[in-house]
Amino acid sequence: MTRKIRLGAFLPGGGQHVASWRHPDQPADGAVSFAFHLQLAREAERGLFDAYFLADGLATSTGGLSEGGPARVAGFEPVTLFAALAPLTQNLGFIATASTTYEEPYNTARKFASLDLISDGRAGWNVVTTATEGAARNFNLDQQHPHAHRYARAAEHVEVVKKLWDSFEDDVFIRDKDSGRFHDRDKIHPAAHRGEHFKVAGPLNVSRSPQGHPVIVQAGQSEDGRALAAATAEVIFTAHQRLDTAQEFYRDIKSRAAALGRDPSHILVMPGVAPFVGRTEAEAREKYDRLTALIQPEDGVALLNQLTGGTLDLRGFDLDGPLPPAPPTEGMKSRQALIRQIADENGFTIRQLYQWVASARGHYTVVGSARQIADTLQEWFENDGADGFNILPPWLPTGLTDFVHLVIPELQRRGLFRTEYEGRTLRANLGLPFPTNRHAAARAARLAAE
């Protein structure tokens with residue numbers, strides 16, 4: 001099969017841009033409107049996107065300012081939302097975020113396995129370690145765990161979840177009413193895990209789905225994040241401003257995966273892209289300028305305070321002066337470094353920096369016609385920069401409908417994107433292999449050796 005671009009749609013109901021809620025097209029209450037999220041899901045499915053993606057946080061500020069702006073201070077828990085949306089769609093995948101730092105593996109495995117069954121095999125788990133002091137204070141801690149500790153816990157957490165997802169073999173259920181046999185007890189297995197961070201007996205009390213188990217997604221770019229992604233992830237979301245840094249990340253991840261015995265083609269690298277689409281470049285620029293003009297300085301400063309690692313408070317600094325150095329963070333190390341890189345390479349003032357990252361918090365912002373945006377995506381896709389993209393429409397629903405009605409047809413015209421869904425599960429549409437149950441595989445190996 002000819003290689004095609006894969007597309008995720010990152011669609012928080014409150015919008016991506018820090019000022020999106022002020023745009024006339026954006027519902028001000030979108031973050032807490034189920035009807036609006038359903039509208040977005042149906043538009044993404046109309047555009048043949050692989051999946052609807054949502055990030056998640058475990059804290060908010062009492063002052064009403066957050067990384068995503070005031071419209072994202074409160075919203076839905078993603079798995080709950082997606083469980084409601086899934087039955088109202090047919091092919092669209094749903095990738096929700098859950099924390100390995102503040103959740104137990106059994107709970108994580110159970111709720112994602114349930115979402116996978118509810119959606120008939122269209123679920124994905126975005127693995128995060130949760131990097132804020134606010135979240136730590138909501139979970140019996142005075143401060144967050146060190147970066148290295150969180151990633152060590154994350155690696156073991158994913159290992160346990162995957163064991164639990166293999167509790168039931170795919171053909172475990174007999175359900176023969178005449179004989180009275182409901183299942184084959186020999187095909188139910190404990191996790192029997194004892195490690196540094198977790199002791200989990202198992203088995204899980206949720207069975208496997210039509211795609212085996214949820215797709216595992218990860219987004220870290222630090223050294224620890226890359227190691228975790230290469231070992232466990234099937235889809236990797238990443239943030240880059242230039243093709244050369246995207247290529248370095250892409251090649252590094254594929255090389256690490258191969259060294260671990262994994263097939264590099266079974267790991268999809270999908271950088272984030274925030275497109276301002278117009279029928280002409282001038283129209284796209286007007287859309288960008290209009291939304292930029294709506295940024296309130298206090299929201300821009302709050303955004304940078306978060307993105308620079310939570311160790312720098314820019315309140316009181318001259319907004320037309322340079323970004324001062326930020327102390328090292330135990331939070332998102334790679335994002336802190338990226339924001340510093342953007343400021344230095346462009347010579348941005350604090351104001352110019354928050355205006356540039358307001359759309360996508362460090363992901364690549366592209367302003368242009370459908371043809372220009374397709375040119376950029378094609379260049380990255382064909383030159384070891386990406387297997388696909390996580391699209392971050394700056395405001396909703398217009399940013400999404402612009403992409404669906406203008407960019408998607410251009411990609412299809414070039415033969416780069418599907419014209420219909422390949423299958424009914426998220427794995428089938430992403431081109432990822434079905435994960436063989438480890439116990440069934442071990443039994444088959446024993447029989448083959450006899």
Side-chain angles (χ1 to χ4, degrees), residues 53 55-59 67 95 97-105 108 124-136 139 141 143-163 193 195-198 215-241 245-262 264 266-272 306-312 326-342 361-363 390:
F53 169 76
D56 193 30
L58 298 174
E67 179 187 313
I95 299 174
T97 296
S99 174
T100 57
T101 301
Y102 301 114
E103 291 196 17
E104 291 294 313
T108 301
W125 170 32
N126 180 43
V127 179
V128 299
T129 64
T130 308
T132 66
E133 298 291 353
F139 290 87
L141 296 172
Q143 62 184 29
Q144 66 179 321
H145 291 296
H147 188 271
H149 172 90
R150 295 200 313 273
Y151 273 93
R153 177 184 164 102
E156 187 178 342
H157 192 290
V158 174
E159 178 188 357
V160 178
V161 168
K162 291 177 71 175
K163 286 181 178 179
H193 179 88
E196 180 181 355
H197 300 280
F198 303 107
V215 174
I216 297 176
V217 182
Q218 209 261 337
Q221 289 181 223
S222 65
E223 178 61 29
D224 289 333
R226 292 183 186 214
L228 178 63
T232 65
E234 298 172 281
V235 175
I236 301 172
F237 294 149
T238 179
H240 297 279
Q241 293 286 309
T245 64
Q247 289 171 322
E248 184 279 325
F249 180 85
Y250 184 96
R251 292 163 180 163
D252 180 54
I253 288 292
K254 302 280 185 171
S255 175
R256 289 176 188 240
L260 294 170
R262 300 185 66 194
H266 295 167
I267 304 168
L268 304 178
V269 178
M270 298 175 63
Q306 289 285 333
L307 295 178
T308 52
T311 60
L312 184 64
T329 182
E330 288 298 331
M332 294 181 65
K333 292 181 179 291
S334 60
R335 192 56 53 93
Q336 182 187 59
L338 179 61
I339 296 302
R340 181 79 258 172
Q341 172 196 324
I342 294 170
R361 302 166 306 285
H363 292 283
N390 205 20

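We count residues from 1, following the sequence as given. The figures here come from the full heavy-atom set of this structure, side chains too, leaving out hydrogens, waters and symmetry mates.
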**Message:** Before you tell me yes or no, could you show the steps for Q144 and F139 under side-chain contact (heavy atoms from CB on, under 4.5 Å), namely the whole-Å CA-CA distance, both residues' side-chain angles and the distance that decides it to 0.1 Å?
**Reply:** CA-CA 9 Å; Q144 66 179 321; F139 290 87; over 6 Å; no
**Fill in**
All heavy atoms of I253 vs all of A229, minimum pair found to be CD1-CB, 4.2 Å
**Request:** Verify, without hydrogens or angle tests, whether R153 (side chain) and T100 (backbone) share a donor-acceptor contact under 3.5 angstrom.
**Result:** yes
**Whether F249 and H240 hold their rings parallel, tilted or perpendicular, with breakpoints at 30° and 60°** = tilted
**Request:** Check for a donor-acceptor pair, side chain of S255 on one end and backbone N or O of R251 on the other, with a separation under 3.5 Å.
**Result:** no
**Request:** Quick one: do D224 and R150 satisfy side-chain contact (heavy atoms from CB on, under 4.5 Å)? Show the steps, please.
**Result:** CA-CA 9 Å; D224 289 333; R150 295 200 313 273; over 6 Å; no
**Complete:** Tested for side chain to side chain donor-acceptor pair (under 3.5 Å) against S99, the lone hit among T129, D56, N126, T130 is T130
**Request:** Please report the closest heavy-atom contact between H193 and E156, naming both atoms and the distance.
**Result:** NE2-OE2, 2.8 Å
**Message:** For A152, give me all partners under side chain to side chain contact (heavy atoms under 4.5 Å, CB included), at least two apart in sequence or on another chain.
**Reply:** H197
**Request:** Would you name the heavy atoms of S222 and H147 that are closest together and state the gap between them?
**Result:** OG-CE1, 3.2 Å
**Message:** Nearest 0.5 angstrom please: W125 CH2 to T232 OG1, how far?
**Reply:** 8.0 Å
**Asked** So, Q218 side chain and I236 main chain: donor-acceptor pair closer than 3.5 Å or not?
**Response** no
**Residues which pass side chain to side chain contact (heavy atoms under 4.5 Å, CB included) with A239, listed by chain and number, not counting sequence neighbours** = Q221, R335, L338, H363
**Asked** salt bridge (charged side-chain N to carboxylate O under 4.0 Å, His left out) with R340: which residues, sequence neighbours excluded?
**Response** D344
**Message:** Is there a side-chain contact (heavy atoms from CB on, under 4.5 Å) between V127 and V158? Walk through the geometry before answering.
**Reply:** CA-CA 8 Å; V127 179; V158 174; 3.9 Å; yes
**Complete:** When every non-hydrogen atom of A231 is compared with those of L260, the smallest separation belongs to CA-CD1, 3.7 Å
**Asked** Between T238 and Y250, is a side-chain contact (heavy atoms from CB on, under 4.5 Å) present by the stated rule, with each step listed?
**Response** CA-CA 9 Å; T238 179; Y250 184 96; over 6 Å; no
**Request:** Calculate, to the nearest 0.5 Å, the distance between atoms CG and NZ belonging to D252 and K254 respectively.
**Result:** 12.0 Å
**Pairing residues for R262 by the salt bridge (charged side-chain N to carboxylate O under 4.0 Å, His left out) criterion, not counting sequence neighbours** = none
**Request:** Applying salt bridge (charged side-chain N to carboxylate O under 4.0 Å, His left out), name anything that partners E248, two or more places apart in sequence or on another chain.
**Result:** R226
**Prompt:** Can you tell me how far the NE2 atom of H145 sits from the OG1 atom of T101, to the nearest 0.5 Å?
**Reply:** 7.0 Å
**Message:** Which heavy atom of T97 sits nearest to which heavy atom of A55, and what is that distance?
**Reply:** OG1-CA, 3.3 Å
**Item:** Contacts of K163 that satisfy salt bridge (charged side-chain N to carboxylate O under 4.0 Å, His left out) - sequence neighbours left out
**Value:** E159
**Item:** Nearest non-hydrogen partners of G134 and A59, listed with the distance
**Value:** C-CB, 3.5 Å
